[in-house]
Amino acid sequence: MTITFSIEYKTRWGENLSLVSGARRFPMSWSEGGIWSVEIRGAEKLAGGYCYELSDATGTLRREWNLHRLEVPKGRKALQIRDYWIDPPQGCPFLHRHSSPVFDAPGFRGAGTAVPVFALRGADDFGIGEFLDLKGLVDWAAATGQIIIQLLPINDTTIRGDWTDSYPYTSCSSFALHPQFINLPAAGLRRSAGYKALQAELNALPQIDYVRVNSEKNALLHKLFAQKGAAVLESSDYKDFCERNKFWLKPYAVFCALRDSLGTADFSKWGDYARYSERKADAYREAHLSEVDYHCYVQYLADSQMKEVCAYARAKGIYFKGDLPIGVGRFSAEAWMYPKLFNMDSQCGAPPDAFAADGQNWGFPTYNWDEMARDDYAWWKARLRKMAEYFDAFRIDHILGFFRIWEIPVPEKSGLLGHFSPALPYSGEELRSRGLPIEGLFVEDPRKKDYWHPRIAVQFSESYQRLNDWQKWSFNELYDDFFYHRHNAFWKECAMKKIPSLLGATGMLACGEDLGMIPACVPEVMSSLRILSLEIQRMPKDPAQTFARPSEYPYLSVCTTSTHDMSPLRGWWHEEDRGLIQRYYNEILGRPGEAPADCGADICEQIVRDHLQSPSMLTILPVQDWLSMDEQLRLADPMGERINVPAICPYYWRYRMHLSVEQLLSADAFNGRLSRLIAESGR
């Protein structure tokens, strides 16, 4: 079988097009009219489908299309395939169409709210925000002229069964939804007197009692399963859900059953996943039928409720933006099922910065990208396709992780003992030729003997202070080169091997969290792939600025006042150095006189207005900062609005809004003012 592919594709001088199938690339030839073609002998070479890849001398620029399946008619000896490239609308800044056309409209600018699902309050909750609360939030967003709602990760994080499971970025599955977000009465649970009393008690708490909520909800879900599970398991909807999700659902359910019976303290007690795969998985399932089916049943309920909310939102013209965590839990279904995809002897985090002087250690294993590349990042693509069932846009958490990650050896705790991976470390021979001692100044590469990384922030150590002036100069030269120059081309190449392929897996709008120690290659790649940047006034991209000015933000960006890792506006006003607040008050806000001790509603409204009027495509503010504009609605204690403190790990994520979605929707005066602000900004 000989197959000839051709496609009209506009390229620039020096760019080339290839057809890609799995790990194989087939260079294409250009002809007049911008037609690229290639002849491939043997349909078996295209197992798994194909896409197109654009490249130049620097490497991969991007991949186009989702993965296309090829149907080869039986008995044919030759086949002609003509593909057609669909350009985005005229004036659209993106390279391809998105699944939600609103983002592709030329000049589109929208406003939205960021809030974790767990933080919501609703009349029918059970001590924590639930998926169905999003309907009320959708109504509020639509009533005030907003267009997008941004959520934190909603995946299952149940690992240890204690409050540390509250961390939404350490999932035990990248596919399963968290059972805590299921509304029990909507799932069929009767509202008994005991249920109502417990519900009222948990809902009266100012913060989430994470352990109690999940423990009680798990018990009630088991009760519901005993009452109604058999009928649901026989339904066509349930069977269809299991069939569509079989690649992750059964393994996840077996993982949960093992977790509940054996614990996660020592994975070695479990045996590897192969022990439970295929026939043996079915045998285990038969022996533990009730528990495995229970976890599948719970996922069916969660998926049904979230899908219901998504359909409701889209009918109202509101879109959901999800959050793609950079890491996966060390004790997770994925780490158990696919151990070769992860470096279990390492943990990822972040180098020291203004928010965490000791760096951050997130605890999850780093990715074995070489192994992932063998099947063209199939796990990542499946993860994104599942995410696209619920979301129209997504935030790439710590996008730097696709260029390089801060890797800390197990069992070290401090982020100061980490190093970049992948990296280009110095050889021991080079360091010794410079007359530099290695001990105390460098850390050895864990996978390349006698190759060394400079220790970060080592200039404050005794080892550095013992150097003579010439040695300090020599070390500082290496240090500056290593952390700011040496890796730009290398990390760009690393990112371009992965990101274009992943972006092509779905039609979601991509936004990157590009904060922290940013190499020059990151904005280059994000710009070339049209990934929206994240702009925060108190974290300017220009090192010469103390505060960024929203009026100067790029169009392809998301601007916000704060994130879940930062204090909202009012808390920041209290915590920040008073001299900086004074500068901000006088120079950025343009207000004369002394800055007040508290960030009043009028100040907050001016800050919000400045962000709404920015050129950014999206202005998405935390719900706390929207409410900061109203003295009556905002929380009395500004320090009680914070969601997470990255320097404290583990941190108890238990923030809950003091207002219900029903109260928010009925705040007519505030909502009218917010509607006018958004409309006046042209969003």
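Reckoned from all heavy atoms, side chains included, excluding hydrogens, waters and symmetry mates. All figures in this text were calculated on a predicted structure; none of them were measured in a lab.
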Asks: Give a yes or no on whether the ring-centroid distance for Phe103 and Phe94 is below 6.0 angstrom.
Replies: no

Asks: Do the side-chain N and O atoms of Asp323 and Tyr169 include a donor-acceptor pair separated by under 3.5 angstrom?
Replies: yes

Asks: Any chance you could lay out the side chain to side chain contact (heavy atoms under 4.5 Å, CB included) test for Arg395 and Asp397, step after step, and finish with the verdict?
Replies: CA-CA 6 Å; Arg395 167 189 178 270; Asp397 172 47; 3.5 Å; yes

Asks: Going by atom types alone, do Asp602 and Gln606 pair a side-chain donor with an acceptor below 3.5 Å?
Replies: no

Asks: Do the two ring centres, one from Trp362 and one from His398, sit under 6.0 Å apart?
Replies: yes

Asks: Testing Arg634, Arg676, Arg673 for salt bridge (Lys or Arg N to Asp or Glu O under 4.0 Å) with Glu605, which one passes?
Replies: Arg673

Asks: Among side-chain atoms of Asp56 and Thr58, is any donor-acceptor pair under 3.5 angstrom?
Replies: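 Result is yes, a qualifying pair exists.
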
Asks: Count the heavy atoms of every other residue, nucleotide or ligand shown that sit under 6.0 Å from NZ of Lys413, and state whether that count exceeds 12.
Replies: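 For Lys413, atom NZ is not crowded (no more than 12 foreign heavy atoms under 6.0 Å).
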
Asks: Should Lys316 and Asp139 count as an ion pair when the cut-off is N to O under 4.0 Å?
Replies: yes

Asks: Using atom types as modelled and distance alone, determine if a side-chain donor or acceptor of Lys492 lies under 3.5 Å from a backbone N or O of Phe403.
Replies: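 Such a contact is absent between Lys492 side chain and Phe403 backbone.
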
Asks: Shortest non-hydrogen contact from Ala510 to Leu503?
Replies: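 Distance-wise, the nearest heavy atoms are CB-CD2, 3.6 Å.
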
Asks: Go through the side-chain N and O atoms of Ser100 and Asp392 and say whether any donor and acceptor fall under 3.5 Å apart.
Replies: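 Per modelled atom types, Ser100 and Asp392 side chains form a pair under 3.5 Å.
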
Asks: Heavy atoms only: give me the nearest Leu424-Arg486 pair and the separation to one decimal.
Replies: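 Shortest heavy-atom contact: O-NE, 2.6 Å.
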
Asks: For a quick test of reading the model, state the closest non-hydrogen atom pair linking Arg121 to Leu659 and the distance between them.
Replies: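 Heavy-atom minimum between the residues: CB-O, 3.6 Å.
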
Asks: Which label fits His453 and His419: parallel for a plane angle under 30°, tilted from 30 to 60°, or perpendicular past 60°?
Replies: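 It falls in the tilted class, 30° to 60°.
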
Asks: Decide whether Asn644 and Tyr652 meet the rule of one side-chain donor and one side-chain acceptor closer than 3.5 Å.
Replies: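 Not at all, the side chains of Asn644 and Tyr652 share no donor-acceptor pair under 3.5 Å.
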
Asks: One pair to check against side chain to side chain contact (heavy atoms under 4.5 Å, CB included): Tyr479 and Asp481. What are the steps and the verdict?
Replies: CA-CA 5 Å; Tyr479 186 95; Asp481 174 60; over 6 Å; no

Asks: Could you tell me whether the side chains of Asn671 and Trp140 share a donor-acceptor contact shorter than 3.5 Å?
Replies: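 Judged by distance alone, the side chains do pair up.
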
Asks: Any heavy-atom pair between the side chains of Phe181 and Leu132 that's under 4.5 Å?
Replies: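 No, their side chains stay 4.5 Å or more apart.
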
Asks: Can a donor-acceptor pair be found between the side chains of Asp125 and Asn203 at a distance below 3.5 Å?
Replies: no

Asks: Are the side chains of Ile499 and Thr60 in contact, using a 4.5 Å heavy-atom criterion?
Replies: no

Asks: So that I know where these two stand, are Phe483 and Phe420 an aromatic pair - ring centroids less than 6.0 Å apart?
Replies: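 Yes.
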
Asks: For residues Gln150 and Thr113, is any side-chain donor paired with an opposing acceptor at under 3.5 Å?
Replies: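 Short answer, no.
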
Asks: Output the distance between atom CZ (Arg656) and atom CG (Asp209), rounded to the nearest 0.5 Å.
Replies: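 Arg656 CZ to Asp209 CG: 11.5 Å, rounded to 0.5 Å.
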
Asks: Just so I know, are the side chains of Trp573 and Ile603 near enough to count as touching, which here means a heavy-atom distance under 4.5 Å?
Replies: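 Side chain of Trp573 against side chain of Ile603, heavy atoms only: contact under 4.5 Å found.
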
Asks: Looking only at the aromatic ring of each residue, does the gap between the centers of Tyr584 and Trp572 stay below 6.0 angstrom?
Replies: yes

Asks: Taking side chain as C-beta onward, heavy atoms only, is Met306 less than 4.5 Å from Ile154?
Replies: yes

Asks: Would you call Asp133 and Lys135 a salt bridge, using N to O less than 4.0 angstrom?
Replies: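 Looking at Asp133 and Lys135, the cut-off is not met.
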
Asks: Could you grab the distance from atom CG of Leu674 to atom CG of Leu664, nearest 0.5 Å is fine?
Replies: 9.0 Å

Asks: Say whether Ser681 and Gln613, considering side chains only, have a donor N or O and an acceptor N or O under 3.5 Å apart.
Replies: no

Asks: Please check: side-chain N/O of Glu513 versus main-chain N/O of Leu534, any donor-acceptor pairing under 3.5 Å?
Replies: no

Asks: Quick check on the 6.0 Å ring-centre criterion: do Phe482 and His487 meet it?
Replies: yes

Asks: For a quick test of reading the model, state the closest non-hydrogen atom pair linking Tyr555 to Pro93 and the distance between them.
Replies: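 Closest heavy-atom pair between Tyr555 and Pro93: CE2-CG, 3.9 Å.
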
Asks: Hey, would you say the Trp163 and Tyr210 ring centroids sit under 6.0 Å apart?
Replies: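 Between Tyr210 and Trp163, which both carry aromatic rings, the centre distance is not below 6.0 Å.
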
Asks: Verify the ring-centre separation between Phe402 and Trp380: is it less than 6.0 angstrom?
Replies: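 Yes, they do, as the ring centres are separated by less than 6.0 Å.
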
Asks: State whether a side-chain donor-acceptor pair under 3.5 Å links Asp358 with Ser414.
Replies: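 Yes, because at least one side-chain N or O of Asp358 sits under 3.5 Å from a partner of the opposite role on Ser414.
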
Asks: Establish, yes or no, whether a centroid distance under 6.0 Å links the rings of Phe460 and Tyr464.
Replies: no

Asks: Would you call Gln537 and Thr560 a side-chain contact if the rule is heavy atoms closer than 4.5 Å?
Replies: no

Asks: Quick check: do Asp598 and Arg570 have side-chain heavy atoms less than 4.5 Å from each other?
Replies: no

Asks: Taking Asp104 for the side chain and Cys92 for the main chain, is one N or O donor matched with an acceptor at less than 3.5 Å?
Replies: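 No, because the side chain of Asp104 does not come within donor-acceptor range (under 3.5 Å) of the backbone of Cys92.
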
Asks: Any idea how Trp653 and His564 line up, ring-wise: parallel (<30°), tilted (30 to 60°), or perpendicular (>60°)?
Replies: tilted

Asks: Do the side chains of Cys494 and Arg404 get nearer than 4.5 Å, heavy atoms only?
Replies: no

Asks: What residue among Glu535, His611, Arg109, Gln146 forms side-chain contact (heavy atoms from CB on, under 4.5 Å) with Thr619?
Replies: His611

Asks: Working to the nearest 0.5 Å, report the span between CD1 of Ile581 and CD1 of Ile588.
Replies: 11.0 Å

Asks: For Pro153 versus Pro168, what's the shortest heavy-atom pair and its separation?
Replies: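 Residues Pro153 and Pro168, closest heavy atoms: CB-O, 3.4 Å.
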
Asks: Take Val525 and Met496 through the side chain to side chain contact (heavy atoms under 4.5 Å, CB included) test and state the conclusion after the steps.
Replies: CA-CA 8 Å; Val525 169; Met496 293 304 289; 3.7 Å; yes

Asks: Looking at Trp491 and Pro422, would you say the former's side chain and the latter's main chain have a donor-acceptor pair under 3.5 Å?
Replies: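 Confirmed, Trp491 side chain pairs with Pro422 backbone.
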
Asks: We want to know whether Ser567 and Arg642 form a side-chain donor-acceptor pair, criterion being a heavy-atom distance below 3.5 angstrom.
Replies: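 Note: Ser567 and Arg642 side chains meet the donor-acceptor criterion.
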
Asks: Please determine whether the number of non-hydrogen atoms from other residues, nucleotides or ligands lying under 6.0 Å from atom CD of Gln465 exceeds 12.
Replies: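 Count over threshold, so yes.
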
Asks: Taking atom types as modelled and ignoring hydrogens, do the side chains of Ser557 and Ser616 form a donor-acceptor contact shorter than 3.5 angstrom?
Replies: yes

Asks: Show the nearest heavy-atom pair for residues Ile648 and Tyr651, with the distance to one decimal.
Replies: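 So the two residues come closest at O-CB, 3.3 Å.
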
Asks: Return the CD1 to CG distance between Ile643 and Leu152, rounded to the nearest 0.5 Å.
Replies: 6.0 Å

Asks: What do the steps show when you test Leu417 against Val443 for side chain to side chain contact (heavy atoms under 4.5 Å, CB included), and what is the final call?
Replies: CA-CA 8 Å; Leu417 299 176; Val443 57; over 6 Å; no

Asks: Roughly how far apart are Phe394 CZ and Leu151 CG, rounded to 0.5 Å?
Replies: 15.0 Å

Asks: With no hydrogens and no angle check, just 3.5 Å: does a side-chain donor-acceptor pair link Thr561 and Asp625?
Replies: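 A pair is found: one side chain offers a donor N or O, the other an acceptor, under 3.5 Å apart.
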
Asks: In Å and rounded to the nearest 0.5 Å, what is the SG to CG distance from Cys599 to Leu569?
Replies: 6.0 Å

Asks: Verify the distance criterion only: is there a donor paired with an acceptor across the side chains of His178 and Thr157 at less than 3.5 Å?
Replies: yes

Asks: Is any side-chain heavy atom of Asp514 closer than 4.5 Å to one of Ile399?
Replies: yes

